[in-house]
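Written below as structure tokens is the structure these notes are about.
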2 protein chains.
Amino acid sequence: MPTTTSQFLNGVPELLVLRLLRDKEMYGYELVEAIRAASNDNLSFAEGVIYPVLHSLERDGALSTRRQTVNGRSRVYYSVTPTGKDRFNDLLAHWQQLQSTIATIVKAPHHA
Amino acid sequence: MPTTTSQFLNGVPELLVLRLLRDKEMYGYELVEAIRAASNDNLSFAEGVIYPVLHSLERDGALSTRRQTVNGRSRVYYSVTPTGKDRFNDLLAHWQQLQSTIATIVKAPHHA
DNA sequence: GCATTATACCTAGAGTTAATAGGTAATAGA
DNA sequence: TCTATTACCTATTAACTCTAGGTATAATGC
């Protein structure tokens with residue numbers, strides 16, 4: 001019973017989190033907005049989705065954190081570790097593989 | 001709390017089932033093999049995944065069934081109803097939208 | 001003839017993930 | 001002052017997938 005990702009599906013929030021944090025460190029609340037913005041409002045994961053993802057990625061050593069107080073509000077900045085970069089590459093390869101497999105099947109003229 | 005598909009993710013087995021059955025009617029066991037074959041072994045959903053999907057699609061009126069005994073073994077052939085065609089189109093549009101959104105984000109040079 | 005494999009159906013339970021719905025606290029703005 | 005925004009968080013529910021079974025017949029191998 002591995003703690004790892006499901007065999008095929010999902011993992012989209014995780015993928016996006018790693019992708020955006022790879023560009024620059026961000027704090028959770030900022031990330032939620034960033035995903036919405038980067039997707040032109042097509043995708044919107046609530047805080048209740050993103051925070052648990054951040055925590056589990058940190059537990060796995062894929063993210064490192066830095067705490068900072070700005071305007072009296074405490075922020076937790078996340079950045080991607082080398083482990084996290086590997087994880088992202090794996091997830092991306094996996095996603096692209098799935099995506100291309102599905103595209104092929106869907107577009108095929110006819111199936112025996 | 002709708003019984004419908006999750007807002008974003010999953011639904012891949014359902015999508016493939018509808019896609020393959022759109023080409024020709026099949027029975028469950030055949031479908032399991034067909035998905036494996038159509039994906040060049042990239043995807044393989046066990047019977048325990050496919051049968052429940054078939055049943056729920058039938059419950060929703062997306063599939064109709066026909067029973068036939070061949071070589072002493074009973075088969076349940078499924079075919080796509082008009083409702084099922086609509087469902088497939090929705091699922092596909094949804095999938096493509098998701099896929100293209102993710103592709104855009106992943107490929108973007110940098111995120112503000 | 002007997003045992004194993006393949007065909008064909010099925011369900012139950014576990015595991016993973018996401019979605020909802022909360023709840024705390026400080027600041028900014030009306 | 002009251003509300004909205006910022007910023008964090010967790011718990012519960014719901015959904016779906018995955019594993020692991022279980023039944024039964026036919027075909028194949030020994």
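Lettering of chains follows the sequences in order, A, B, ..., and the numbering in each one begins at 1. Side chains included, hydrogens not; waters and symmetry mates left out as well; all remaining heavy atoms used.
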### Query
Roughly how far apart are Tyr51(A) OH and Leu31(A) CG, rounded to 0.5 Å?
9.0 Å

### Query
Do any of residues 48-58 of chain A sit with a heavy atom less than 4.0 Å from DNA chain C, and if so which?
Gly48(A), Val49(A)

### Message
If the condition is salt bridge (charged side-chain N to carboxylate O under 4.0 Å, His left out), which residues does Arg22(B) pass it with, not counting sequence neighbours?
### Response
none

### Task
Apply side-chain contact (heavy atoms from CB on, under 4.5 Å) to Phe45(A) and Val12(A), showing your working.
CA-CA 10 Å; Phe45(A) 296 103; Val12(A) 169; 4.1 Å; yes

### Task
Sequence neighbours left out, what passes side-chain contact (heavy atoms from CB on, under 4.5 Å) with Ser64(A)? Give chain and number order.
Ser79(A), Thr81(A)

### Task
Rounded off to whole Å, could you give me the OH-to-P distance for the Tyr29(B) and dA24(D) pair?
18 Å

### Message
For residues 37-64 of chain A, which residue pairs pass the salt bridge (charged side-chain N to carboxylate O under 4.0 Å, His left out) check, not counting sequence neighbours?
### Response
Asp60(A)-Arg87(A)

### Task
Kindly state which residues belonging to residues 67-76 of chain A come within less than 4.0 angstrom of DNA chain D, counting heavy atoms of the residue only, listed by number.
Arg73(A), Ser74(A), Arg75(A), Val76(A)

When the side chains of residues 95-109 of chain B are checked against the rest of the protein, which donor-acceptor pairs come out under 3.5 Å, sequence neighbours left out?
unit_1, atom_1, unit_2, atom_2, d
Gln97(B), NE2, Asn42(A), OD1, 2.8
Thr101(B), OG1, Gln97(B), O, 2.8
Thr104(B), OG1, Ser100(B), O, 2.8

### Summary
On DNA chain C, more 5' by nearest nucleotide between Glu33(B) and Tyr78(B) is Glu33(B)

### Task
Please identify each residue that fulfils ring pair (Phe, Tyr, Trp, His ring centres under 6.0 Å) with Tyr77(A), with sequence neighbours left out.
Tyr27(A)

### Task
Please state how far atom CG in Leu31(B) lies from atom P in dT7(C), giving the value in whole angstrom units.
15 Å

### Message
What is the distance, to the nearest angstrom, from the CZ atom on Arg36(A) to the P atom on dA19(C)?
### Response
13 Å

### Task
In whole angstrom, give the distance that lies between atom OH of Tyr77(A) and atom P of dA7(D).
8 Å

### For Val53(B), all residues meeting side-chain contact (heavy atoms from CB on, under 4.5 Å), sequence neighbours excluded
Pro13(B), Glu14(B), Val17(B), Leu57(B)

### Pairs satisfying salt bridge (charged side-chain N to carboxylate O under 4.0 Å, His left out), at least one member in residues 65-85 of chain A, at least two apart
Glu25(A)-Arg66(A)

### Query
What's the CD-P distance between Glu14(A) and dT17(C), to the nearest Å?
7 Å

### Query
When the distance from CG of Asp60(A) to C1' of dT16(C) is rounded to whole Å, what number comes out?
14 Å

### Summary
Rounded to whole Å, CH2 of Trp95(A) lies from C1' of dT17(C) at a distance of 14 Å

### Task
Specify the separation, in whole Å, of atom CD of Glu47(A) and atom P of dT6(D).
10 Å

